[in-house]
Each structure stands twice: as C-alpha cells, then as structure tokens.
Amino acid sequence: MLPNELVTNVSSNQTLANQWVQTNLVPFYSKTLIRYLLVGNELISSTTNQTWPHIVPAMYRMKHSLTIFGLHKVKVGTPLAMDVLQTSFPPSNGTFRNDIALSVMKPMLEFLHVTNSFFFLDVYPFFAWTSDPININLDYALFESDNITVTDSGTGLVYTNLFDQMVDAVYFAMERLGYPDIQIFIAETGWPNDGDLDQIGANIHNAGTYNRNFVKKVTKKPPVGTPARPGSILPSFIFALYNENLKTGLGTERHFGLLYPNGSRIYEIDLSGKTPEYEYKPLPPPDDYKGKAWCVVAEGANKTAVVEALSYACSQGNRTCELVQPGKPCFEPDSVVGHASYAFSSYWAQFRRVGGTCNFNGLATQIAEDPSYGSCKYPSVIL
C-alpha cells in the first residue's frame, strides 16, 4: 500500500512513483505473490478534500510504474469505506455522495474499468449495527438470521444479512454512474472480540460467529454472491490477523484480531471454510458489561498530555474538578494522574448522555472497579 501521505506527491510525479515501486515491490516480486497495490487507505474518510483530486491520478501513476517494471499481474485500487455513500437504504437507492460522485468516483470507476481492477471496499456490519442496535437485529448483522429478512422495495430483492445489504448498496451506486460490471473486493471486514465497557456487542462470541459465518459465505461452491449479484465471487480479506494492542482510539480498535499479539488463537476458525460448525469448540456466551463504570488515566499515558487533558476536562461542565482543589477530599495524594483520573470520571459522568466519551486522545480507559478512597467519591456512569 502506498501510504496516504505520499498520494498527493505521487499523483504529479512519475519518477517518485517509479522509485516507490522499485523499492517496495520489484525486489520481492515474484518470490512474494504480490497481486494488489493499493493507493492509500480510506482516503475519503481519513484525509481532507484537498487530497481527493489526487487519488485517481496517483492510481494511474502507480499503474504506469508497474507496466514499466513488467509487473502486469498486479492490480491497482484504493480501499474505501461505506461513508462514500450518500444513501444506502434500501440498497437499490445506493448513491455516492454529491461531493465526490462526479469529481472522484466516476473517474475512479473509469480507471478500474479500463484496467480490469476491483472496487476495494471495507465493510463492517458491526459499526452499522452499533449505530442503530434497536432497529437492526444483531442476528441479521452476524449472518445468523433464519427468519429475519429485509425486502428492498425498489427491486423486490430479499436480504437475509446486513453484509449483503451494504455491499449491494455500493453495486447500485456504481450502476448509477454507468459502471454495472466492476467487481467488488472486500478489502476489510471483521468483528471486534472485545472493547471498552460501554461498547456493546464487542465480544468473542459475536466475533467468532461473524467471522466463521463470513468465511462460510465467501468460500461456498458454487459461489453465492449477493442478491443483486448472485453467483459472483467476492474475494475478501478479514481484518485482522492480530489484536493491534498498541493502537489508539476506542477499545474495539485493539480487538479485531483472530490471534492475540503473542500468536495464540482467540477462537477457532478455519479460513478454508471446510471445518463444519459442530467440530468447533463452543464459543463463550456473549457478555456485554452491565453496571457502574469509571474513567481513569490509562497505564503508560504520556504525563505532559495528561496535564493538558486534565486542564480540558476541568474547563468543561459544572464543578467538574471541584473535589480535586486544595483542601477538598480528592486533592490528596496530590498527583497529576490522581487528579486527572477524578476529572476524567467526573467529565464522563456529566457528558456521556450528550456524546462525551472516556477517551481523551487515548489517555483514558474505562474500569469496572470503583477507584474511590476514603471520603473521595468518584462519579460513575451506569452501563
């Protein structure tokens, strides 16, 4: 993958593109079977609109470099998330966003069409479900729904899982721009095996269920495809091999792996799809946390950054840091971490209902054990 920060420069500089391919692909090909060269990662989601006009020109540059070095079997694409769509429901209403449809997506689809490449798509039913768990059935998101279906009023197509619904919305969006024949490649999909205390549905049971069912779906012979593309093959990558324990952000970000960082399995899975369900050991039951929770400074947090976060938390809300002032019950022991832990809990208790999180740029973590001591009582939230 060409890193996001190089995309703009490569888009106007063939020499730079050639150097990058010469350094990063040529020495390893064909001993390593490199098949796909991705230009950036989720660029529409993670960069500003100043980068977007450079995406397709960079794709052409990289394709030209591959041709120069005779690497003709390597396809060029760029992975996109579901947020490239303006509308996605029902799937037949799938439409690309107005700000990118004609300026970015149409030329990109033309490139993919001309080079016979794939539309690389990151599909996470987990995030769609957590954004609306009341109206979206969990079993429908996990490929477990035998009797829950969604019918597309525009086409009459019947959906039995959320994944197919999401993928077909993108097929319909491509069709709308005049490109009905480009194949989708699932660049990322998966389900987190753990997360913060307040992140529902993130557990080993659901992760194992989703990934096993997903493998079963995409390895079926003959291929099943999706309701809008029956029988089509869906080449796919599961995200991710390991729990990325050093990643920042919400707890789920560190828990998408099939393996722990030490290489041991989190749950049994056979990526060939050949192991029947009954041969697997049963997964542990799903266990969303219910009870009180507190927000405290995470282990190993940068002290300078914690001072800034403490200052921010204390500037928000009503008497957020009153109890850590000199002479008050939570002032002693007088330490930055102690004061910040109280401030984080106090902030979260006040603002969680209106979208406040226990994160503070990765400096905070949620705990279920009451950190209160003596007459110093930490505010809590109820999950």
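Enclosure of atom NZ in K247 by more than 12 non-hydrogen atoms of other residues, nucleotides or ligands within 6.0 angstrom is indicated. Annotation: E279, atom CD; neighbour count of heavy atoms from other residues, nucleotides and ligands within 6.0 Å is above 12. N361 CG: 12 or fewer foreign heavy atoms inside a 6.0 Å radius. Annotation for E299: atom CD does not count as buried by contact number, only 12 or fewer foreign heavy atoms lying within 6.0 Å. The environment of R353 atom CZ is sparse: at most 12 non-hydrogen atoms of other residues, nucleotides or ligands sit within 6.0 angstrom. Atom CD1 of I233 is surrounded by 12 or fewer heavy atoms from other residues, nucleotides or ligands within 6.0 Å.
Both V104 and L109 belong to a single network of hydrophobic side chains, linked directly or stepwise wherever heavy atoms of I, L, V, M, F, W or Y lie under 4.5 Å apart.
At distances below 3.5 Å, at least one donor-acceptor pair connects side-chain atoms of T23 with backbone N or O atoms of Q19. Remark: side-chain polar atoms of N213 are paired, donor with acceptor, to backbone N or O of L142 under 3.5 angstrom. The backbone N or O of L234 sits less than 3.5 Å from a side-chain atom of S236, completing a donor-acceptor pair. Within the 3.5 Å criterion, the main-chain N or O of P57 finds no donor-acceptor partner in the side chain of S11. No donor-acceptor pair under 3.5 Å is formed between the side chain of D196 and the backbone N or O of D198. Remark: side-chain polar atoms of N193 are not paired, donor with acceptor, to backbone N or O of G208 under 3.5 angstrom.
Residues T189 and Y210 bring a donor and an acceptor atom of their side chains to less than 3.5 Å of each other.
The existence of a salt bridge linking E175 and R229 is confirmed by a sub-4.0 Å separation between a basic side-chain nitrogen and an acidic carboxylate oxygen.
Closest approach of Q86 to N98, counting heavy atoms only: OE1-N, 3.0 Å.
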- [ ] I would like to know whether Q165 and Y140 meet side chain to side chain donor-acceptor pair (under 3.5 Å); could you show each step before the answer?
- [x] CA-CA 10 Å; Q165 200 182 298; Y140 185 72; 2.5 Å; yes
Open item on the list: Pair N93, T87 - check side chain to side chain donor-acceptor pair (under 3.5 Å), show working.
Closed with: CA-CA 6 Å; N93 271 359; T87 51; 5.8 Å; no
Open item on the list: With side chain to side chain donor-acceptor pair (under 3.5 Å) as the criterion, how do T320 and Q350 come out once you've worked through the C-alpha distance, each side chain's angles and the decisive distance to 0.1 Å?
Closed with: CA-CA 8 Å; T320 306; Q350 276 190 69; 3.0 Å; yes
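Atom-to-atom distance recorded for F69:CZ and H64:NE2 is 10.0 Å, nearest 0.5 angstrom.
Note: F163 and F214 have perpendicular aromatic rings, judged against thresholds of 30 and 60 degrees for the angle between ring planes.
Annotation: Y347 is in aromatic contact with F360 [ring centroid separation under 6.0 Å].
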Per-pair distances, 0.1 Å, donor-acceptor, side chain in residues 118-130, under 3.5 Å, sequence neighbours excluded:
unit_1 : atom_1 : unit_2 : atom_2 : d
D122   : OD1    : E188   : N      : 3.3
Y124   : OH     : E188   : OE1    : 2.6
W129   : NE1    : I136   : O      : 3.3
T130   : OG1    : F126   : O      : 3.1
T130   : OG1    : F127   : O      : 3.1

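No option in D168, T151, D152 other than D168 meets the side chain to side chain donor-acceptor pair (under 3.5 Å) test with Y159.
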